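First comes the structure, then the notes that go with it.
In what follows, every chain begins at residue 1, and chains take the letters A, B, ... in the order their sequences are listed. Note that the coordinates shown come from a computational prediction; the quantities given were computed from them, not determined experimentally.
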Protein chains: 2
Amino acid sequence: MKPTRIESGTDIFREGEPGDRMYVVIEGEVELSVKGKHIATVGKGGIFGEMALIDDKPRSATARVKSDCELTTIDEAKFFELIHQKPSFALEVMKVLVERLRLMDTKT
Amino acid sequence: MKPTRIESGTDIFREGEPGDRMYVVIEGEVELSVKGKHIATVGKGGIFGEMALIDDKPRSATARVKSDCELTTIDEAKFFELIHQKPSFALEVMKVLVERLRLMDTKT
């Protein structure tokens, strides 16, 4: 999928919105926040927005472009295709989720 | 794998320990805590201990049997075999991780 350039300060999605795709950061940085509180910064090669695809619930966080970005999207169909065909992709998604959980644990 | 019965009050593992297996609750309940703070209760059909397998880091939480339990274990080799052969298992693990993340988000 063709990468899209997005300017700093743009909200990719907001907490509570429905979500039907995830994102891969090709260039730049995206900040994730919950109720205005910083949760994580996603840089080059990182992914975000995968949670709404996994459990089909609204966005848990707001994603805002921190520095001008290039992003590609993975829609629902592609996401499940990748999970089925590339176990390494499934493991990569799991690693990201675990990383965020451990980050939250340190804040407990 | 044959289920094991474990008495209420027993620690299955403690925060900071190395971990080489995950657990499936066949019967009973297991409580997860971080720094003594309750994180989640895992009941029949639930899993725990998957994080250390995914990122090969120490246990992020302590798992204590809340009511007499029957548990089966999935070791590292079996875990990666399941991820590779059963995409539904990979998705199930992801769902559990996302559920815990959302739970943490509500506490943010």
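Both the backbone and the side chain of A:K57 come within contact range of chain B, with heavy atoms under 4.5 Å apart. Using a 4.5 Å cut-off between heavy atoms, A:V98 contacts chain B through both its backbone and its side chain.
For A:E99, the CD atom sits in a loose shell: 12 or fewer heavy atoms of surrounding residues, nucleotides or ligands are nearer than 6.0 Å.
A:R102 is listed as a side-chain neighbour of B:D55, based on a closest heavy-atom distance under 4.5 Å.
A:M104 CE to B:S60 OG: the interatomic distance, rounded to the nearest 0.5 Å, is 12.5 Å. In this structure, CZ on B:R100 lies 11.5 Å from CG on A:L97, to the nearest 0.5 angstrom.
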Acceptor/donor pairs from residues 9-19 of chain B side chains to any protein atom, 3.5 angstrom cut, sequence neighbours excluded:
| from | atom 1 | to | atom 2 | distance (Å) |
| --- | --- | --- | --- | --- |
| B:T10 | OG1 | B:E7 | O | 2.7 |
| B:D11 | OD1 | B:R64 | NE | 2.6 |
| B:D11 | OD1 | B:R64 | NH2 | 3.2 |
| B:D11 | OD2 | B:R14 | NE | 2.9 |
| B:D11 | OD2 | B:R14 | NH2 | 3.4 |
| B:D11 | OD2 | B:R64 | NH2 | 3.3 |
| B:E15 | OE1 | B:K35 | N | 2.8 |
| B:E17 | OE1 | B:R14 | N | 3.1 |

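Residues of residues 45-54 of chain A that come closer than 4.5 Å to chain B, counting heavy atoms only, are A:M51, A:A52, A:I54, ordered by residue number.
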